[in-house]
Amino acid sequence: GLLRENARGLVSFRHALAGQAVHEAITGPDRRALHQRAGHVLESCFPPPTARLARHFKEAGETVRWSWYAEQAVDLALISGNEASATELLRDLIDEIKPCDGSQAVRLLRKISPASFADPSCYRELVRSVRALLDRWLGLRCEQAALRVKLASMLLDLEQYEAGRVELKRAVPDLA
């Protein structure tokens, strides 16, 4: 009674709450295995549903595949103007970056620019994630400086001029 079938023979939950209840009732290992299977099935779709693939592989614990599809989903979200999805995915990716892998963080953050967002307030959570990464930083100082420059740019877009100036000042000695 929780499921319904459409004219094409596809089955779905009658209500999102039913799906959530079933999802939560499945044990962790079984849930990860199901997410992994769903991800593998969705990989055969064209075009690939990158956001769904990212979610399934994240839930399956497949970090490499998750990050690969999440980055593709960021690109598609930016192209389509979906600022909320782009920043949420970017924030998740930044949160998972090892504190010594600045090149990946810099590469990800270069995807966004002031022109990427009609509403710069989307940056707020992303700013928190970049600051958290910098707080646990173990990598190269030049990469840290590049991250600080990007952070400063986001802060300036948020009209936090003094905070942006401080980050730029901290970055200058280590810039190439």
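Here, residue 1 is the first one in the sequence, and each next residue gets the next number.
- In the hydrophobic cluster analysis, where Ile, Leu, Val, Met, Phe, Trp and Tyr join through side-chain heavy atoms closer than 4.5 angstrom, Val11 is grouped together with Ile26.
- Note: Arg141 CZ to Leu147 CG = 13.0 Å, rounded to the nearest 0.5 Å.
- The structure places CG of Leu109 at 6.5 Å from CG of Leu90, a figure rounded to the nearest 0.5 Å.
- Proximity of Thr87 to Glu125: side-chain heavy atoms (C-beta onward) are nowhere separated by under 4.5 Å.
- Counted within 6.0 Å of CZ on Arg31, heavy atoms from surrounding residues, nucleotides or ligands total more than 12; the atom is thus considered enclosed.
- Two different hydrophobic clusters hold Val166 and Leu175 under the rule that ILVMFWY side chains link at heavy-atom gaps under 4.5 Å.
- A side-chain hydrogen bond (donor to acceptor under 3.5 Å, both in side chains) with Glu62 is found for exactly one of His56, Arg32, Gln36, namely Gln36.
- Remark: His15 pairs with no residue by the ring-ring contact (aromatic ring centres under 6.0 Å, His included) rule, at least two apart or across chains.
- Arg128 contributes atom CZ, which lies 9.0 Å from atom CZ of Arg131 (distance to the nearest 0.5 angstrom).
- Of all non-hydrogen atoms in Ala73 and Leu89, the two that sit nearest each other are CB-CD1, 3.5 Å.
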| field | Candidate pair Arg124 and Gln160, rule side-chain contact (heavy atoms from CB on, under 4.5 Å), full reasoning | value | CA-CA 11 Å; Arg124 290 190 206 296; Gln160 296 179 17; 3.9 Å; yes

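- Linking Ile, Leu, Val, Met, Phe, Trp and Tyr residues whenever their side-chain heavy atoms come within less than 4.5 Å leaves Val106 and Val149 in two separate clusters.
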| request: Could you give me the CA-CA distance, side-chain angles and deciding distance for Leu108 and Val74, then say whether side-chain contact (heavy atoms from CB on, under 4.5 Å) is met? | output: CA-CA 9 Å; Leu108 288 170; Val74 166; over 6 Å; no

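- Both Val130 and Trp137 are assigned to one and the same hydrophobic cluster, defined by single-linkage of ILVMFWY side chains at heavy-atom distances under 4.5 Å.
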| field | Intermediate values then yes/no, side-chain contact (heavy atoms from CB on, under 4.5 Å), Glu71 and Lys111 | value | CA-CA 10 Å; Glu71 189 170 342; Lys111 292 179 178 290; 3.1 Å; yes

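- Salt-bridge annotation for Asp92 and Lys58: present, with a side-chain N of the basic residue lying under 4.0 Å from a carboxylate O of the acidic one.
- Looking at every heavy atom in both residues, Gly9 comes nearest to Glu5 through CA-OE2, 3.3 Å.
- Between Gly1 and Arg14, the shortest heavy-atom contact is O-NE, 3.1 Å.
- The aromatic rings of His35 and His23 sit perpendicular to each other, their planes meeting at more than 60°, with 30° as the lower class boundary.
- When every heavy atom of Ala171 is checked against every heavy atom of Arg148, the shortest pair comes out as CB-CB, 3.7 Å.
- Expressed to the nearest 0.5 Å, how far OH of Tyr69 lies from OG1 of Thr50 amounts to 9.0 Å.
- For the residue pair Leu2 and Ala18, the shortest heavy atom distance occurs at CD2-CB, 3.9 Å.
- Dense packing is recorded around CZ of Arg107, with more than 12 heavy atoms of other residues, nucleotides or ligands lying under 6.0 Å away.
- Cluster annotation: Leu133 is not connected to Leu168 through the hydrophobic network of ILVMFWY side chains, with a link wherever side-chain heavy atoms come within less than 4.5 Å.
- Listed by chain and number, the residues in a salt bridge (Lys or Arg N to Asp or Glu O under 4.0 Å) with Glu59 amount to none (sequence neighbours excluded).
- Separating the CD atom in Glu96 from the OG atom in Ser129 is a distance of 10.0 Å, to the nearest 0.5 Å.
- Here Cys45 contributes atom SG and Leu53 contributes atom CG; the two are 7.5 Å apart, rounded to the nearest 0.5 Å.
- In this structure, Leu78 and Ala86 approach most closely via the heavy-atom pair CD2-CB, 3.7 Å.
- Under a 3.5 Å cut-off, the side chain of Lys150 and the backbone N or O of Ala105 do not form any donor-acceptor pair.
- Looking at heavy atoms from C-beta onward, Pro48 lies out of side-chain contact with Glu43 at the 4.5 angstrom threshold.
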| For Gln72 and Leu76, what are the C-alpha separation, side-chain angles and deciding distance, and is it a side-chain contact (heavy atoms from CB on, under 4.5 Å)? | CA-CA 6 Å; Gln72 286 185 16; Leu76 286 173; 5.6 Å; no

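- Residues His40 and Arg65 form a side-chain contact, since some pair of their non-hydrogen atoms from C-beta on lies under 4.5 Å apart.
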